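Only a predicted model underlies this, so the values are computations on that prediction, with no experimental measurement involved. Residue numbering restarts at 1 for every chain, and letters A, B, ... go by the order of the sequence lines.
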Amino acid sequence: MYSLGIDVGSVSTNLVLLDNNNNVVEKLYVRTRGKPMEAVQLVLSEIRKKYDSKQIYSAGTTGSGRMIASIQIGADIVKNEITAHAVAAIQTEKDVRTVLEIGGQDSKIIIIRDGVVTDFAMNTVCAAGTGSFLDRQAERLGIPIEEFGDHALKAAVPVRIAGRCAVFAESDMIHKQQLGYNTCDIIAGLCDALVRNYLSNVAKGKEILPKVIFQGGVAANSGIHRAFEKALNMPVIIPEHYDVMGALGAAILAREKVNRERAGTRFKGFSVSESSFKSKSFVCSGCSNQCEVVSVLENQQPVGYFGDRCGKYNQFTASATG
Amino acid sequence: MKITVPHMGNVYIAVKILFDGLGIDYVIPPLNNKEALYLGSKYSPDEICLPFKLMIGNYIAGIKNGADTILLVGSCGPCRFGEYPELQHKILEHLKYNVEFIVIDAVKSIGLRELFNRIRIVGSESRKTLPGKINSVIRAYNAMCILDDIESQAHFKAGYEKERGECKKILNFCKEEVLSCDNPDKALKLLKDYQDRIRNVAVDYSKKPVKVAIIGEIYSVIEPFTNLFIEDILMDMAVSTRRNLTPSWWLKDMLLKIIRLNSRELLKASDEFLPLCIGGHARECVGEAVLASREGFDGAIQIFPMGCMPEIVSKAILPTISREKKLPVLSLIVDEMTGEAGYMTRIEAFIDLLERRREHVFAWN
């Protein structure tokens, strides 16, 4: 029996399938492209080619699109990405004490002691240094994002880039290009700047102790990885499944929950990949709160609501939170 | 004279009972919503704190419904709140709204005589006799106390209730019903009935819910719209919450301050970390964190608006308390730019943290 985990993030939607011993047997990574429901259907239709719905023991969702995805697939658990990432990290490295996570649009730090999360922080006002920004810079320099980090490693003398703000970092990079600095040195400088920014904003005041693990899409960037090791002066481990850790955590938590409740899974089956999903939003005029309510339609039938404060609508949605 | 007041949590219900009793004409602006936030942000200085903006939104809505006088409590105090009335009056003048401001300020700042003068301006609108007026004030004060009690019981019992969602339901019905009642005596009676109902909610004390103290800046913890309805969210998650700062606490605190007998326990608890008043309710915030750890709470959530000076100081002190008293603290800063997704993620993750941490502690014992 397998446990399914889906992480619907701002940039990518990931799916993992775990066997009974929580080993990853399948992992998929697609771009969300602003259409979370289509992305979920895409990954499900892929996995459907090899597996049967009956083989799914439990299903969990996480990421910023976790609510909508859970309504779509019938998830047993809906978990925030901080907890999901922490659970996956602890599962992968038992004695981890610090998790650095940088995704498409957010970055976080999770502090773990004795296998329990004791503190965390997430970027609040600035998305400098997250995946989308690096993507854009790679594109601007005409370097494929996969090779971006390797260019940084080739640098002889990293150039100092102002990394406080994404917009200024970009103009500073352009400026340094105009002055004729070597591209590799600029990229290495950018990596250093982003790590500096992360450590002084997101990780401010947090005690970073080894083992440190680095996960999320940006962990693929060897330049950032090296910059972290340099700045922290300690080894930074990148787990094998660094790019799908959120989904991995959701799958583990889903299995735990189904084990605990012994009521079987709520998973609707892979056939949902063929349903037609639509969402529409409206402003409820029931009171002066003016909630923006979202309803999800599966084959024209409403299957769930969220966004209302009073519970007038979402009481019809089977709750998987908690 | 038609009076309007800015919103802060449930204060409008007590205000309604007060003015209904006094027979003074009034307008309650619509509860804080996007419209109020939009208008307020449009006309307020960008860097000012969130409560200021919402209040401007309330005034404009009130004025559009015929109000010509704005009544608010003030504190020529040691934070930006002290400047609110002056600045707000100027903004409304610029917008060509012709309104009076009556600021009920602290005795220390304006003197007893001026305070009575200001109260008299409002009071002279009422045709009631003096005992009748005093009676109306006492009734409104009682209503506020009962309402705060109902609310705090509902928030705390939400973690223990046998039927999930019952406390929240009672609380919502209560506000709705009291608001539609124009007879102040009946309204008070209704509140007392609801107080009994919430007292008699079936609870299961063998449950061990996560217990969280809500601390921070007074307006943003009390006004649900600013904190994105955090107490409702936590009630839905079956978390027990406690918040010391309530409108009735504030009234008592203001009155007792005159004889320096206010919030003794709270201030004593803060002595170790912040022995001086630095404005706003920073000392209270620090004191509450200390008390929360002493009373076995699992964690504390601090909420304050972007740019709040006193709370920035307490935010810097909280990590030390957190470390020394082993009390996890989450600080949430709110303003009109607050993204709901990130906010919810942090709250959920924090509650997970508290739950898992406790399981771990139990396992060790």
Does any heavy atom of chain A fall under 4.5 Å from the side chain of K169(B), the backbone, both, or neither of them? neither

Contacting moiety of F225(B), where chain A heavy atoms sit under 4.5 Å: neither

Looking only at heavy atoms and a cut-off of under 4.5 Å, which of I110(A), D119(A), T118(A) has the most pairs with chain B? T118(A)

Between D232(B) and K168(B) (salt bridge meaning N to carboxylate O under 4.0 Å), is one present in this structure? no

Charged N to carboxylate O below 4.0 Å: is that the case for K79(A) and D352(B)? yes

Heavy-atom distances under 4.5 Å only: say whether I112(A) touches chain B with side chain, backbone, both or neither. neither

Side chain, backbone, both or neither: which part of V117(A) has an atom under 4.5 Å from a heavy atom of chain B? both

How long is the span from the OG1 atom in T92(A) to the OH atom in Y242(A), to the nearest 0.5 Å? 14.0 Å

NZ (K94(A)) with more than 12 external heavy atoms under 6.0 Å: yes

Give a yes or no on whether K206(A) atom NZ has more than 12 heavy-atom contacts from other residues, nucleotides or ligands under 6.0 Å away. yes

Heavy-atom side-chain contact between I109(A) and Y198(A) under 4.5 Å: yes

Using heavy atoms and a sub-4.5 Å threshold, report which of residues 58-66 of chain A line up against chain B, by residue number. R66(A)

Examine distances only and state if a side-chain atom of E217(B) and a backbone atom of Y219(B) form a donor-acceptor pair shorter than 3.5 Å. yes

Return a table of donor-acceptor pairs under 3.5 angstrom between the side chains of residues 324-334 of chain B and protein atoms on other chains or two or more places apart.
{"from": "K325(B)", "atom 1": "NZ", "to": "E272(B)", "atom 2": "OE1", "distance (Å)": "3.4"}
{"from": "S331(B)", "atom 1": "OG", "to": "Q302(B)", "atom 2": "OE1", "distance (Å)": "2.7"}

